[in-house]
Amino acid sequence: MNYQIALNFEDGVTRFISASADESVADAAYRQGINIPLDCRDGACGTCKCFAESGQYDLGEEFIEDALTDDEAAEGFVLTCQMRAQSDCVVRVPVGSDVCKTQQASYEAAISRVQALSESTIALSLKGDSLKQLAFLPGQYVNLTVPGSDQSRAYSFSSLQKDGEVSFLIRNVPGGLMSRFLSESAKVGDALSLAGPLGSFYLREIKRPLLMLAGGTGLAPFMAMLEKIAESGTEQPLHLIYGVTSDVDLVELERLEALAQRIPSLTFSACVASPESTYPKKGYVTQHIDAGHLNDGDVDVYLCGPPVMVEAVRNYLQEQGVTPANFYYEKFTPSAD
Ligand SMILES: Cc1cc2nc3c(=O)[nH]c(=O)nc-3n(C[C@H](O)[C@H](O)[C@H](O)COP(=O)(O)OP(=O)(O)OC[C@H]3O[C@@H](n4cnc5c(N)ncnc54)[C@H](O)[C@@H]3O)c2cc1C
Ligand code: FES
């Protein structure tokens, strides 16, 4: 039986390898051209120490305390020269991808859908045979090259990869390079290249209630995460608050409804900040968080949106004196800055 291991490097690059139950993760990585730093290969030096974010595995009994203490093992640290996978795993490697002699993968694809969902938001799907090999953790992003330029822009996947197709939710920034291409000239069949996957904002194992906070097209990674949860299921309560600036920014509500039908423990609400809004719920996401969502801190908070919103939520949590069990965020920092 082969398992899929996501190796997430310090620089945000993620590579997926396959590992059988009877080879070490370090050996499997090496076989597939990725050199996790190793020295003794014997469980004695600790050079290959990484952190397993999720998954089941066996560390054996051969390693010594100097290389990995019992406390470290209990926390999730692993020696990859000893680790044998017993399920798919996500492993954080504490060095950059270049140190491991690997780099982000790139793919060629063609536009299969480009559609203005509203004045401010574009849905983009890309399809290609090479994308059938594209694996990523829901929540991650890729760099898309802007056709006709040497520049690229980062976009979070808003779907899982299915039959070589992936989707994105993109804000139409007036005058923006990618925005102009997508809103003025892009058509089905146009070629586009992707590089990635990247990022440490991805869905972890769900061990407690989740509070998901999305700002504008920061909804994208949550769509991919929720698709994954709809497939794998969870008993834990999930609450998503989706905040936008104006009524035109409010998109994909039907898709969210459909996901809530598939995930019985999911609830969500949306709110619009503009005072001119006719939407019933107004204000910022922080005005719609209640004590139940924070669960006395026993909650994993996922937050994605423009930098100003991410900072506002961080300050809000601090003011409330709430320290969530885990706090993951992605800032949609404009590339031009
Ligand atoms: C990790 C990551 C993931 C991202 N994922 C997404 C995603 O899923 N969906 C998405 O829509 N965007 C996402 N972004 C933002 C995206 O990469 C681009 O910055 C954005 O789409 C603008 O690109 P552009 O080429 O159209 O504009 P640019 O040519 O880059 O910018 C033109 C001008 O507009 C300004 N500008 C750029 N963005 C904004 C904005 N939002 N509001 C106001 N002014 C702006 C720039 O500073 C510049 O002055 C992500 C960014 C990061 C870092
Ligand atoms: S390489 Fe020495 S403990 Fe793994």
Side-chain angles (χ1 to χ4, degrees), residues 12-14 24-27 29-30 35-50 59-60 62-69 72-73 77-83 93 117-118 120-124 136 138-159 166-184 186 194-202 214-225 244-246 249 251-252 303-310 328-337:
V13 169
T14 301
S24 74
V25 167
D27 282 348
Y30 186 71
N35 299 5
I36 295 175
L38 295 174
D39 191 356
C40 69
R41 308 175 79 98
D42 236 1
C45 70
T47 309
C48 66
K49 195 185 293 175
C50 291
L59 289 177
E62 302 295 311
F63 64 91
I64 62 166
E65 180 87 6
D66 275 355
L68 186 74
T69 66
E72 285 175 319
F77 286 94
V78 291
L79 297 174
T80 49
C81 73
Q82 303 299 305
M83 173 185 183
V93 185
L117 297 179
S118 77
S120 69
T121 313
I122 299 166
L124 174 73
F136 57 88
Q140 288 194 302
Y141 69 96
V142 278
N143 285 320
L144 299 187
T145 306
V146 187
S149 84
D150 58 358
Q151 296 199 40
S152 62
R153 298 287 184 264
Y155 295 105
S156 308
F157 295 101
S158 67
S159 70
V166 289
S167 299
F168 305 91
L169 200 58
I170 298 180
R171 183 176 166 80
N172 188 356
V173 176
L177 192 65
M178 182 62 102
S179 301
R180 201 171 327 127
F181 164 72
L182 292 175
S183 58
E184 293 177 8
L194 310 78
L198 293 153
S200 51
F201 184 72
Y202 52 82
T217 50
L219 181 65
F222 294 112
M223 296 305 241
M225 290 184 191
V244 298
T245 307
S246 311
D249 306 327
V251 295
E252 298 286 54
L303 163 64
C304 180
V308 56
M309 178 226 179
V310 172
Y328 308 106
Y329 66 89
E330 183 83 282
K331 283 184 187 175
F332 281 2
T333 313
S335 329
D337 286 1

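This is a predicted model, so every value here is computed, not measured. Both counts, for ligands and for their atoms, begin at 1 and track the order of listing.
- By heavy-atom distance, the residue among Gly216, Pro334, Ala154, Ala224 lying nearest atom 15 (C) of ligand 1 is Ala154.
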Stepwise side-chain hydrogen bond (donor to acceptor under 3.5 Å, both in side chains) check, Ser24 with Gln82: CA-CA 6 Å; Ser24 74; Gln82 303 299 305; over 6 Å; no
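- Between the Thr121 side chain and the Ser118 main chain, no donor and acceptor come within less than 3.5 Å of each other.
- Remark: among candidates Phe332, Tyr155, Phe157, the nearest residue to atom 18 (C) of ligand 1 is Tyr155, based on non-hydrogen atoms.
- Residue Tyr30 qualifies as open at atom OH: its count of foreign heavy atoms under 6.0 Å is 12 or below.
- Nearest to atom 9 (N) of ligand 1 by heavy atom, out of Leu169, Ile170, Leu182, is Leu169.
- Annotation for Gln151: atom CD counts as buried by contact number, over 12 foreign heavy atoms lying within 6.0 Å.
- Among Leu177, Thr333, Thr245, the residue whose heavy atom lies closest to atom 29 (O) of ligand 1 is Leu177.
- Inside a sphere of radius 2.8 Å centred on atom 4 (Fe) of ligand 2, the protein N/O/S atoms present are Cys48 SG, Cys81 SG.
- Only side-chain heavy atoms of Val173 come within less than 4.0 Å of ligand 1; its backbone N, CA, C and O stay farther off.
- Ligand 1 has an N or O atom lying under 3.5 Å from an N or O atom of Met178, backbone or side chain.
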Verdict with reasoning, Asn172 to Ser120, per side-chain hydrogen bond (donor to acceptor under 3.5 Å, both in side chains): CA-CA 5 Å; Asn172 188 356; Ser120 69; over 6 Å; no
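- Heavy-atom separations between Lys331 and ligand 1 include at least one value shorter than 4.0 Å.
- The aromatic rings of Phe136 and Phe157 lie parallel to each other, with less than 30° between the two planes, well short of the 60° mark.
- The closest approach between Phe168 and ligand 1 stays at or above 4.0 Å for every heavy atom of the residue.
- For ligand 1, the polar-atom distance check against Tyr141 finds no nitrogen or oxygen pair separated by under 3.5 Å.
- By the 3.5 Å distance cut-off applied to N or O atoms, Glu330 is not counted among the residues near ligand 1.
- Residue Gly199 places every heavy atom at 4.0 Å or more from ligand 1.
- If you check the side chains of Ser156 and Glu330, you find no donor sitting under 3.5 Å from an acceptor.
- Neither the backbone nor the side chain of Leu198 comes within 4.0 Å of ligand 1, counting heavy atoms alone.
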